Amino acid sequence: MAQATFTHTGEQVQSFKLIGGHSIPAVGLGTWRAGSHATNSVFTSILEAGYRHIDTAWEYGVHEEVGHALKAAMHAGIERRDLFVTSKLWCTELEPRRVRSALSNNLQELQLDYLDLYLIHWPFRLKDGASRPPKATDMLEFDMEGVWREMEKLVKDGVVRDIGVCNFTLNKLNKLLGFAQTMPTVCQMEMHPGWKNDKMLEACKKNGIHVTAYSPLGSPEGGRDLIHDPVVERIARKLNKSPGQVLVKWALKRGTSVIPKSSNPNKIKENIQVFGWDMPHEDFQALCSIPNQGRVLDGEELFVNKEEGPFRSVAQLWDNEV
């Protein structure tokens, strides 16, 4: 379960302990599709809402904006050691010789000396300039072991504190665990009451890997707007909380950290006000029983090319795991 820790300015932050010994704040701010709002959103989340966990990625195109916000927050008195910053290695960089240079570019854009967590964003290697979705000729062989060895070196060199994966299947996670000398400490995946992802959650817990849940509120664009789900709304009214708070609390009660995204200052503050109150077991179970399970962000737009692609279906992309 989440444990309380304190920053050097005395603010309480709930966090989870990773197998490498570091702590990951339980609630972070996601920056996917933050666009031009990223600087203000990140600065507001840290200075006004008390966030200490910021999740970003090179592919999001907001590293520089996030970097400006982090620098401004530190100028305002926030200690770097109190922040937890995650970024991700994109598909075109999944080649052993490119791992370190990709990180160096990320750190430069973020104006940081190290990352707290570096994740493989997706377990597919694409050539530079690949079309979206890729054609079969755009996909290159992914030397997972070679890439992981380079990521392990980043940990040894102190420029990354923890390494992990994102959007992995059970099959790919088991392959990684077969040769990893430094264990992945975090597995980030889509997870919410509409896609509980139980099998991956269980596998990660079995191996001591912490899970971070992305898209915890569902996605209106993906056709699963959990904020307006009748079960979620009923529980929110009962507990006198917002639907977003109910969904974030559900994630925390499963033992996962969670990275809701928003550019609305009030929503940003609201989404982290999930401590100091509990969710009754029957409400938790009601959320666990929401029907029509399925991924919202299934990667189809990014990777599935039904005519010319290496992946002709979503099922193939996810190793036929449901």
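Along the sequence shown, residues carry numbers from 1. Every value quoted in this text rests on a predicted model; they were computed, and no experiment measured them.
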Side chains of [X] and [Y] in contact at under 4.5 Å (non-hydrogen atoms):
X	Y	result
Trp250	Val258	no
Val66	Ile54	yes
Leu117	Val160	no
Asp116	Thr86	no
Ser219	Leu226	no
Leu154	Val159	yes
Cys204	Met189	yes
Leu126	Leu94	no

Basic-acidic side-chain contact under 4.0 Å: [X], [Y]:
X	Y	answer
Glu300	Arg295	no
Asp198	Arg254	yes
Arg98	Asp128	yes
Arg100	Asp157	yes
Lys267	Glu270	yes
Arg132	Asp138	no
Lys269	Glu48	yes
Arg149	Glu152	yes

Review point. CD of Glu145: more than 12 outside heavy atoms within 6.0 angstrom?
Key: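 Yes, enclosed.
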**Study point:** Gln285, CD atom: more than 12 neighbouring heavy atoms under 6.0 Å
**Key:**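 Above 12, so yes.
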Just how far is it from atom [atom1] of [X] to atom [atom2] of [Y], taken to the nearest 0.5 Å?
X	Y	atom1	atom2	answer
Leu317	Arg312	CG	CZ	13.5 Å
Ile259	Asn271	CD1	CG	12.5 Å
Ile46	Ile78	CD1	CD1	7.0 Å
Leu247	Ser242	CG	OG	8.5 Å
Asn171	Asn320	CG	CG	10.0 Å
Glu95	Ser101	CD	OG	9.0 Å

**Study point:** Inter- and intrachain pairs under ring-ring contact (aromatic ring centres under 6.0 Å, His included), touching residues 187-223, at least two apart
**Key:**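 Qualifying pairs, neighbours excluded: Phe16-His210.
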Exercise for review: Could you list all the ring-ring contact (aromatic ring centres under 6.0 Å, His included) pairs where at least one residue sits in residues 125-183, not counting sequence neighbours?
Suggested key: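 As it turns out, there is no ring-ring contact (aromatic ring centres under 6.0 Å, His included) pair with a partner in residues 125-183 once direct neighbours are skipped.
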Any donor-acceptor pair under 3.5 Å from [X] side chain to [Y] backbone:
X	Y	answer
Arg125	Asp143	no
Thr212	Ser257	no
Glu321	Leu170	yes
Arg80	Leu83	yes
Lys249	Met279	no
Lys88	Thr56	yes
Glu190	Val296	yes
Asn240	Ala236	no
Asp229	Val231	yes
Glu150	Val147	no

Exercise for review: Would you check if there is a donor-acceptor pair between the side chains of Asp162 and Tyr118 at a distance under 3.5 Å?
Suggested key: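 Tyr118 vs Asp162: no donor-acceptor pair found between side chains.
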Exercise for review: Take Val99 and Glu93 through the side chain to side chain contact (heavy atoms under 4.5 Å, CB included) test and state the conclusion after the steps.
Suggested key: CA-CA 6 Å; Val99 171; Glu93 310 306 310; over 6 Å; no
Check your understanding: Do Thr137 and Glu308 pass the side chain to side chain contact (heavy atoms under 4.5 Å, CB included) test, and can you show the C-alpha distance, the side-chain angles, and the key distance before you say yes or no?
Key -> CA-CA 9 Å; Thr137 53; Glu308 303 177 87; over 6 Å; no
Practice item. Evaluate side chain to side chain contact (heavy atoms under 4.5 Å, CB included) for Met139 paired with Lys127, printing each intermediate quantity in order. Key: CA-CA 6 Å; Met139 188 73 70; Lys127 72 178 186 182; over 6 Å; no
Practice item. Apply side chain to side chain donor-acceptor pair (under 3.5 Å) to the pair Asn40 and His37, showing each step before the final yes or no. Key: CA-CA 6 Å; Asn40 286 337; His37 298 289; 5.8 Å; no
Point to revise | Common cluster, Leu29/Phe43, ILVMFWY with side-chain heavy-atom separation under 4.5 Å | key: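 They do share one cluster, since a chain of ILVMFWY contacts under 4.5 Å joins Leu29 to Phe43.
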Where does the angle between the aromatic ring planes of [X] and [Y] fall among parallel (under 30°), tilted (30 to 60°) and perpendicular (over 60°)?
X	Y	answer
Trp32	Tyr60	tilted
His281	Phe284	tilted
Trp90	His121	perpendicular

Over all heavy atoms of both residues, which pair between [X] and [Y] is shortest? Give the atoms and the distance, please.
X	Y	result
Ile120	Met151	CG1-SD, 3.6 Å
Pro193	Gln293	O-NE2, 2.6 Å
Thr256	Leu201	CG2-CD1, 3.8 Å
Pro184	Gly164	CB-CA, 4.0 Å
Arg234	Ala286	NH2-CB, 3.8 Å
Ala203	Asn207	O-ND2, 2.9 Å

Point to revise | Of Leu119, Leu176, Thr185, the residue whose pairing with Val165 passes side-chain contact (heavy atoms from CB on, under 4.5 Å) | key: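 Among Leu119, Leu176, Thr185, the one that satisfies the side-chain contact (heavy atoms from CB on, under 4.5 Å) with Val165 is Leu176.
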Check your understanding: For residues 271-284, which residue pairs qualify under salt bridge (Lys or Arg N to Asp or Glu O under 4.0 Å), counting only residues two or more places apart or in two chains?
Key ->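 Found Lys238-Glu282, Lys238-Asp283, Lys253-Asp278.
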Exercise for review: Go through the steps to decide whether His68 and Gln111 satisfy the test side chain to side chain donor-acceptor pair (under 3.5 Å), and finish with yes or no.
Suggested key: CA-CA 8 Å; His68 291 318; Gln111 302 186 59; 3.3 Å; yes
Practice item. Take Gln14 and Leu252, measure what side chain to side chain contact (heavy atoms under 4.5 Å, CB included) needs, and give me the verdict at the end. Key: CA-CA 10 Å; Gln14 298 287 332; Leu252 298 178; over 6 Å; no
